[in-house]
Structure formats: C-alpha cells, structure tokens
J.: 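Take this structure, written in structure tokens, and hold onto it; I'll ask about it next.
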Amino acid sequence: MVGNVDIVPAIKTDHSALILQLHKIEEGVKGPGFWKMNTSILNDAAYIDEVKKKVLTWREGAKEVSDKRVIWDWIKYNVRLFSLDYSKRRAKANREEEGRMQKKNQDAQDNFKKKPCVEIRMAQEECKIGLKRFYDKKTEGITVRSSVRLA
C-alpha cells in the first residue's frame, strides 16, 4: 500500500526525484486463481469418452430449461468442473507413477551395488530409460506451458 508520495529536487540532474513510501502488505488468503484448461487432456481418449457420456447426462438434467444459452452455460460449467477433477486425478496418478519409477530405479541401483551382474545392470538401464521417457514427457508439458521452443 502506498503511504506517501513526494517530488523533491535532485542534485546533479535536471529531473526531480520521487519519494515513494510503501507500507507492508499483509499476507492475504489466495484463492484458486484463474482457471485455464490443460488442453493436453483433449488427446486423452478416456477423458473424451467420459465427457461424451456426461454431456448427455447434463443435457438430460437441463430438459426443463427452454433457453439454449442457459443450457450451454450449464454444460460449460459442468465440463469445467469435470475437467478440473479429471486433471487433478491425472496429476496425482502421474506423481504416484513417478514415485514408483524412482523407487524401482533406486532398488535396481542398490541391487547392482550388492551383486553386480549383467541381468541387474540391464534392469537398471530399463528403469533409467523409463524415467527418461517420463521426464521427457513432463518437460514437453512444461515447454508447452511456457511457450518456449527448443532447438
């Protein structure tokens, strides 16, 4: 918050200096923010199938409403709620999968340290390849969100 503003003469310049006194802003409770749909779920066949089924249900639920704009807004509202929930479930599943893959990789490394052999080394390499694919996909999502182009 702005407490005080003043214009004062400055030395060695033909411009005036500004004095701006700010008060500490108290920590406030932040809300969920502005929602933007993660469009990558549009490539997810399970999401598409579920939305198709649910749209029929949502339309049936709005039969008594005669205004098509209200029906359209109702469907959009429900798609938003469903998409939020679906995205959260998918993110949780991805985090759990990442944890499983990291644990499997760590176990393979520990086993190789205890008993170095070709079979365990191959299992360790498979874990590394799986993790690399997972992180490449994760990096792709981050790149899309940040609008960065990789060379």
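All values below were derived from every heavy atom in this structure, side-chain atoms included, with hydrogens, water molecules and symmetry-related copies excluded. The shown structure was predicted, so the numbers you read here are calculated from the model rather than taken from an experiment.
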J.: I'd like to check R90 versus S40 (side-chain heavy atoms, cut-off strictly below 4.5 Å). Are they in contact?
T.: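 Answer yes - side chains close enough.
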J.: Looking at E125 and R121, does any basic side-chain N land under 4.0 Å from a carboxylate oxygen?
T.: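 Counted as a salt bridge, because a side-chain N and a carboxylate O are separated by less than 4.0 Å.
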J.: Measuring from Q102:CD to E97:CD, what's the distance to the nearest 0.5 Å?
T.: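 Separation between the atoms: 10.5 Å.
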J.: Does a salt bridge link D136 with K132, judged by any charged N lying under 4.0 Å from a carboxylate O?
T.: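 Salt bridge: yes.
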J.: Charged N to carboxylate O below 4.0 Å: is that the case for K114 and D110?
T.: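 No, K114 and D110 are not salt-bridged.
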J.: How about CZ on R133, more than 12 heavy atoms from neighbouring residues, nucleotides or ligands closer than 6.0 Å, or not?
T.: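 Count not over threshold, so no.
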J.: Okay, side chain of N78, backbone of W74: is any donor-acceptor separation there less than 3.5 Å?
T.: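 Between the backbone of W74 and the side chain of N78 there is a qualifying donor-acceptor contact (under 3.5 Å).
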J.: If I take atom CD1 from residue I41 and atom CD1 from residue I48, how far apart are they, to the nearest 0.5 angstrom?
T.: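 It is 8.0 Å, given to the nearest 0.5 Å.
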J.: Output, in order, the C-alpha distance, side-chain angles, deciding distance and verdict of salt bridge (Lys or Arg N to Asp or Glu O under 4.0 Å) for K88 and D85.
T.: CA-CA 5 Å; K88 287 178 185 178; D85 181 60; over 6 Å; no
J.: Side chain to side chain contact (heavy atoms under 4.5 Å, CB included) between N4 and I19: does it pass, once the steps are laid out?
T.: CA-CA 8 Å; N4 188 22; I19 296 176; over 6 Å; no
J.: Could you measure the distance from the CG atom of D67 to the CG atom of D73? Nearest 0.5 Å is fine.
T.: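 The distance works out to 8.5 Å.
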J.: I'd like to know if the side chain of Y47 pairs up with that of S87 as donor and acceptor (distance under 3.5 Å, no hydrogens or angles considered).
T.: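 Judged by distance alone, the side chains do not pair up.
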J.: Say you draw a straight line from CD of Q106 to CD of Q124; how long is it, rounded to the nearest 0.5 Å?
T.: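 Reported to 0.5 Å precision, the distance equals 9.5 Å.
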J.: Does F82 belong to the same Ile/Leu/Val/Met/Phe/Trp/Tyr cluster as L84, with side-chain heavy atoms less than 4.5 Å apart forming each link?
T.: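 Yes.
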J.: Rounded to the nearest 0.5 Å, how far apart are CG of N111 and CD of Q109?
T.: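 Answer rounded to 0.5 Å: 10.5 Å.
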J.: Quick check: are there more than 12 heavy atoms from other residues, nucleotides or ligands sitting under 6.0 Å from CZ of R69?
T.: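 Counting other residues, nucleotides and ligands, CZ of R69 stays at 12 neighbours or fewer.
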J.: Taking the side chain as C-beta and beyond, is there a heavy-atom pair between W58 and I71 under 4.5 Å?
T.: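 Not in contact.
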J.: Mind checking whether L42 and V55 sit in one hydrophobic cluster, side chains of I, L, V, M, F, W, Y counted as touching below 4.5 Å?
T.: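 Yes; tracing contacts between hydrophobic side chains, which count when under 4.5 Å, links both residues.
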J.: Do E98 and N94 have side-chain atoms, one donor and one acceptor, less than 3.5 Å apart?
T.: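 No donor-acceptor contact under 3.5 Å links the two side chains.
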J.: Taking only Lys NZ, Arg NE, NH1 and NH2, and the carboxylate oxygens of Asp or Glu, determine whether E50 and K53 approach each other closer than 4.0 Å.
T.: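 A salt bridge is absent here (no side-chain N lies under 4.0 Å from a carboxylate O).
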J.: Are there more than 12 heavy atoms of other residues, nucleotides or ligands under 6.0 Å from atom CE of M37?
T.: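 Above 12, so yes.
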J.: Count the heavy atoms of every other residue, nucleotide or ligand shown that sit under 6.0 Å from CG of L56, and state whether that count exceeds 12.
T.: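 Buried by this count: over 12 neighbours within 6.0 Å.
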J.: Under 4.5 Å between any side-chain heavy atoms of D6 and L18, yes or no?
T.: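 D6 does not reach L18 side chain to side chain.
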J.: Quick check on Y77: does its OH atom have over 12 non-hydrogen neighbours (other residues, nucleotides or ligands) under 6.0 Å away?
T.: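 12 or below, so no.
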J.: Under a 4.5 Å cut-off applied to non-hydrogen side-chain atoms, are I75 and R59 in contact?
T.: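 Heavy-atom side-chain distance check passes, below 4.5 Å.
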J.: What's the spacing between Y135 OH and M101 CE if we round to 0.5 Å?
T.: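 Y135 atom OH to M101 atom CE measures 8.0 Å (nearest 0.5 Å).
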J.: Check this for me: does any side-chain nitrogen of one of D49 and K52 sit under 4.0 Å from a carboxylate oxygen of the other?
T.: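 K52 and D49: not salt-bridged.
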